[in-house]
There are 2 protein chains.
Amino acid sequence: MKPVDTKTHILNAAEELFALRGPHGTSLRQVIVRARVNLAAVHYHFGSKESVLEAVLARRLVPLNAERLALIEAHERARGGRAVPLELILESLVAPALRLSRDPRKGGGTFMRLLGRCFTEPDPAIQAMLTRQFSGVADHFTPAFRRALPGLPAVELFWRLHFLVGAMGHTMADAERLRTFSGGLCNPDDTEGTIARLVSFLTAGLRAKVPEVK
Amino acid sequence: MKPVDTKTHILNAAEELFALRGPHGTSLRQVIVRARVNLAAVHYHFGSKESVLEAVLARRLVPLNAERLALIEAHERARGGRAVPLELILESLVAPALRLSRDPRKGGGTFMRLLGRCFTEPDPAIQAMLTRQFSGVADHFTPAFRRALPGLPAVELFWRLHFLVGAMGHTMADAERLRTFSGGLCNPDDTEGTIARLVSFLTAGLRAKVPEVK
DNA sequence: GTCTATAGAACGATAGAC
DNA sequence: GTCTATCGTTCTATAGAC
């Protein structure tokens, strides 16, 4: 049972506050109050506010994206050279993220809120962090989608993957909004139900008839 | 030909900078430099930074949401009491926003980037602004979707509308990312193509088979 | 590694002359 | 309506004692 050290305290506090008020809307001083550490400790351990954000992201995204790749690679091995069915690709992509987004020990919805927010953050430094973190997943999943949808032109596939990222991101970043909007009818805590619904929606969308207008 | 006044100069500069670096990441001082006005002028015309943001949002959203409502009401009138087909509902919702997001005289992608960003902004004041602006559209379109998809349980509809908002928002807020991601294959400037693709994707997603798992 | 103290700059907002 | 000047606050970052 290892004790929670200063560094982890800072990461936890920063994750929470960055998600709650945004990286720009949060000062290091707010972070150190919540983390119960000294301001200088942040600069000692991370060097700068930007590096704190990068560490917060990497702590969750490195294992998350590794899990995604492990899942799809297992499916690929199980099927030899043949294409992995669309539903399984989507599930490999969606399920680990959604389970993480509902695991209170791992930041729960807090982290996903921050992640969704970073995606709309135009700050070039933040964009570069995201590209770094997601390049492996993008490189592996894009060809998998292409193999699962052999009739779909590459242009259309890219558009649909863009729609997919939006739907997925918004679902994870803003689950609680749905509870309010549906008047309590929808329960975002039902992780497996959410995965099934999202996979079914995305499968149908990706398989839609290609529109005529060009 | 009326001259561009101080108030409009401030709105234009704020729109651009808020979209570029976020409302929190932008200072009023940066705004007044770009608008070539005095700092006190901002407080004279708007009272506070928050009110500037509200005015920036309202300037585009009031006519946009009015256009959406006008379109769907025209469809409803044309069909008497019968349900408006799903594709036409989606087009009424998507097309005005997407055309706005590509109209350089009206902020172009700049404004949509800001809007997408505000959606992930947890600041309660900003959330309240969005709720105010979108309540009319939500109240009118939700029953329309229900009528167009009579077999779909309400819970499932709410989930799918949530996915829809994500796909739509991300498409408008971050169109340029797709150009990079697709290696230049996709052209987000093709507004009508984007509308057709988004409507086709969403139609299929909304009509997907309801998943078994509950 | 952890602290206090502080430098140095930027912030939102306002007072009051014109 | 528009300006200058400035108040009071907060920020990131660092220097240097322990």
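Below, read A as the first sequence line, B as the second, and so on, with proteins coming before strands; counting in each chain starts at 1.
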Show which side-chain atoms of residues 161-171 of chain A pair as donor or acceptor with protein atoms under 3.5 Å away, not counting sequence neighbours.
from, atom 1, to, atom 2, distance (Å)
A:His162, NE2, B:Asp174, O, 3.3
A:His170, ND1, B:His162, O, 3.2
A:Thr171, OG1, A:Ala167, O, 2.6

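In this entry the distance linking CD of A:Glu50 with C1' of D:dC11 reads 16 Å, nearest Å. Rounded to whole Å, the distance from NZ on A:Lys49 to C1' on D:dT10 is 12 Å. The distance from atom NE2 of B:His45 to atom C1' of C:dT14 is 16 Å, rounded to the nearest whole Å.
At D:dC11, one or more side-chain N or O atoms of A:Ser27 fall inside 4.0 Å of OP1 or OP2 (strictly under the cut-off). Phosphate contact (OP1/OP2 of D:dT2, side-chain N/O of B:His43, threshold under 4.0 Å): absent. Between A:Tyr44 and C:dG1 there is a side-chain polar atom (N or O) within less than 4.0 angstrom of OP1 or OP2. The phosphate of C:dG12 has neither OP1 nor OP2 within less than 4.0 Å of any side-chain N or O from B:Ser48. Between C:dT2 and A:Thr6, a contact under 4.0 Å exists linking OP1 or OP2 to a side-chain N or O.
For the side-chain hydrogen bond (donor to acceptor under 3.5 Å, both in side chains) condition, the pairs that include at least one residue of residues 34-44 of chain A, sequence neighbours left out, are A:Glu16-A:Arg34. For the ring pair (Phe, Tyr, Trp, His ring centres under 6.0 Å) condition, no pair includes a residue of residues 86-117 of chain A, sequence neighbours left out.
Interface residues of residues 7-24 of chain A facing DNA chain C, ordered by number: none; criterion, heavy-atom separation under 4.0 Å.
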Would you tabulate the pairs of protein nitrogen or oxygen atoms and nucleotide nitrogen or oxygen atoms of nucleotides 4-7 of chain C closer than 3.5 angstrom?
from, atom 1, to, atom 2, distance (Å)
C:dT4, OP2, A:Asn38, ND2, 3.0

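Partners of A:Phe119 according to the ring pair (Phe, Tyr, Trp, His ring centres under 6.0 Å) rule, which considers only residues two or more places apart in sequence or in another chain, are A:Phe134. Residues passing the ring pair (Phe, Tyr, Trp, His ring centres under 6.0 Å) test with A:Phe181 are B:Phe158, sequence neighbours excluded. Listed by chain and number, the residues in a side chain to side chain contact (heavy atoms under 4.5 Å, CB included) with B:Ala70 amount to none (sequence neighbours excluded). Residues that satisfy the side chain to side chain contact (heavy atoms under 4.5 Å, CB included) test with B:His24, not counting sequence neighbours, are A:His24, A:Arg117, B:Glu121, B:Asp123.
Using modelled atom types and a 3.5 Å distance limit, the side chains of A:Thr203 and A:Ser200 yield no donor-acceptor pair. Defined by atom type and a distance below 3.5 Å, a donor-acceptor pair is missing between the side-chain atoms of B:Asn65 and B:Arg60.
Side-chain atoms of A:Gln30 lie closest to D:dC11 of the nucleotides D:dC11, C:dT2, C:dA13.
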